[in-house]
Amino acid sequence: MAPSPTGFLHIGNVRTALFNWLFARHEGGEFKLRIENTDTSREVAEATEQIQESLRWLGLDWDGDVTFQLDRIDDCAAVARRLVEEGTAYEDDGAIRFRMPDEGVTAWDDAVRGRVEFPNQKLEDLVLVRSDGRPTYNFASPMEDVWDGITHVIRGEDHISNTPKQINIIRAVGAEVPLYAHVSHVLGADGKSLSKRHGSVTVDDFRHQGYYAPALVNFLALLGWSYDDKTTIMSRDELVERFALDRVVPSPATFDYQKLDWMNGVYLRRLSGDDYADALMRYLRETGHDWDEHLVRETVPIVQEKIERFGQYPDFAGFFFHDVHPDPALLDGREQIVEAARDELARVEPFDAEHIEAALRALAARLELSPRKAFEPIRIAVTGSKISPGLFESVELLGREETLRRLSAAVAVA
RNA sequence: GGCGCAUUCGUCUAGUGGCCUAGGACACCGCCCUCUCACGGCGGCGGCACGGGUUCGAAUCCCGUAUGCGCCUCCA
């Protein structure tokens, strides 16, 4: 994987990285990370570290040290000089240009697209080394592929037109041409390529919204690749075991956030309570919610099945950690129900979900209200919202004192 | 403009000449479950871009058209 350090890791690049990683792990090969920083003017200082942190979060581990394209500037220059001597390159205004063949075609068998051919006549002589001495991407990249012993280049389809140029360079230096696989782009809902030029959709964005890395990986793997006609949920190991380039489709895929949300929910619901709590705590800490860990862990059984992203937790369960101020209009003249509930809950014994439920259901029956009708104002007074985890369990967790306080407060305000 | 790549339900996809009156998943709609919201169960809506070929037979092969995207930089 060879990102340029111009910003956060983009989700489209991550999908490409994932295919590289899955392929390498499946084949027992190596997955290499190279930072393509020959364009120093566009480089962003933090980017290199952020890219690595994002890959670590996703669990895409690379082999060996990270390499930097700029480190081979001298090696590239030496090769360019040799090509000039050999006559396959020439000087032009201080730069060095590669002489592309004029006749015939340059072709390769792309692992996802089949045979691709370019008439050489259309290939322009390419600048290898700029007049300031720095190699260009189209020179440095194939040379590094050679030096790093890259056997498979899996990259985005925007590189298709670069490939014949790079193949000719590799041939000119007498090296072996790697196998190329050009995967399609990931599109946004607007149908445009999801690139840095259009909305920024970085790994960090997903992380902050509370997506679970294994779910994101599963989802991304299915963007352009499938195992069969019905399998969608696959663990990391299953993905590695099953991934194959020949099942990668060549057409672009649109990123569907709703499906990601669904899949994230599936993953979160499958977690054990402890694992869920661990991941949730990590998320809350990362996003600046300094909430009591013991209480957070106690809420897990009643929220795990209800939310599909950790990002929903603060809104959904925040009432456990801070007071609520429900809009009086929401109660809409139903404060007598809230008042009656307060009186009931004041004497429930023991104060647990089972007995709380029995008491509140009896209250609803006495008021000749359906449970649905009767519980709504109580829920609003206690949680501040019409939507919440189970009422009885929430009340138990909140405790008698705090519950009664909120019920009284709601009545007072109304 | 040139070159290249792509085109199956709204979305992700299965499909490699007959198994397809095109299968699955997400989304959507309806019903059931139900203290809200979710989960779960059941059912439904919905597609081979278009036009020509080839063939006994085409979503699958060929050609063309359309549309989208990419590249054409001393960016990567």
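Letters A, B, ... mirror the listed sequences (proteins, then strands); counts begin at 1.
Nucleotide B/U16 forms a pair with no other nucleotide shown, judged by Watson-Crick or G-U wobble geometry with both contacts under 3.5 Å. Across all strands shown, B/G51 pairs with B/C63; the Watson-Crick or G-U wobble distances both stay below 3.5 Å. Taking a pair to require two hydrogen-bonding distances under 3.5 Å in either a Watson-Crick or a G-U wobble arrangement, B/C45 remains unpaired. Pair assignment for B/C3: B/G70, on the basis of Watson-Crick or G-U wobble contacts that are both within less than 3.5 Å.
Spacing between atom OH of A/Y227 and atom P of B/C12 amounts to 23 Å, rounded to whole angstrom units. In this structure, A/L220 atom CG and B/U11 atom C1' are separated by 15 Å, rounded to whole Å. Counting to the nearest Å, the P atom of B/C37 and the OH atom of A/Y313 are 21 Å from each other. Across the protein-nucleic acid pair, A/Q258 atom CD and B/U11 atom C1' stand 9 Å apart, rounded to whole Å.
Separating the P atom of B/C37 from that of B/C31 is a span of 14 Å, rounded to the nearest Å. B/U8 sits 11 Å from B/C48 when the P atoms are compared, rounded to a whole Å. The C1' atoms of B/C42 and B/A58 are separated by 36 Å, rounded to the nearest whole Å. Spacing between B/A27 and B/C39 at atom P, rounded to whole Å, works out to 7 Å.
Checked against B/C37, B/C3, B/A76, the side chain of A/Y137 finds its nearest nucleotide in B/A76. Among B/C35, B/C5, B/U36, the nucleotide with an atom closest to any side-chain atom of A/V116 is B/C5. Taking every side-chain heavy atom of A/R361 into account, B/C35 is the closest of B/A76, B/C35, B/G70. Distance from the side chain of A/P371 is smallest to B/C35 among B/C12, B/A14, B/C35. Comparing B/A76, B/A6, B/C35 by their closest approach to the side chain of A/R379 singles out B/C35. With B/G23, B/G4, B/A25 as the choices, the nucleotide that has an atom nearest any side-chain atom of A/F118 turns out to be B/G4. Listed nucleotides B/C37, B/G70, B/C74 differ in distance to A/D158; the shortest reach to its side chain belongs to B/G70. The listed nucleotides are B/C35, B/C75, B/C5; the one nearest the side chain of A/E157 is B/C5.
A donor and an acceptor atom, one from each side chain of A/T163 and A/R155, are located under 3.5 Å apart. Checking A/Y90 against A/D125 by side-chain atom types alone, a donor-acceptor pair falls below 3.5 Å.
At least one side-chain nitrogen or oxygen of A/R130 sits closer than 4.0 Å to the OP1 or OP2 atom of B/C75. Note on A/R372: every side-chain N or O is 4.0 Å or more away from OP1 and OP2 of B/U34. The phosphate of B/A6 has neither OP1 nor OP2 within less than 4.0 Å of any side-chain N or O from A/S184.
Between A/W291 and A/F321, the ring center distance clears the sub-6.0 Å criterion.
Note: A/F392 and A/F375 have perpendicular aromatic rings, judged against thresholds of 30 and 60 degrees for the angle between ring planes.
Each of A/V249 and A/V112 lies near RNA chain B, and the nucleotide nearest A/V112 is the one positioned closer to the 5' end.
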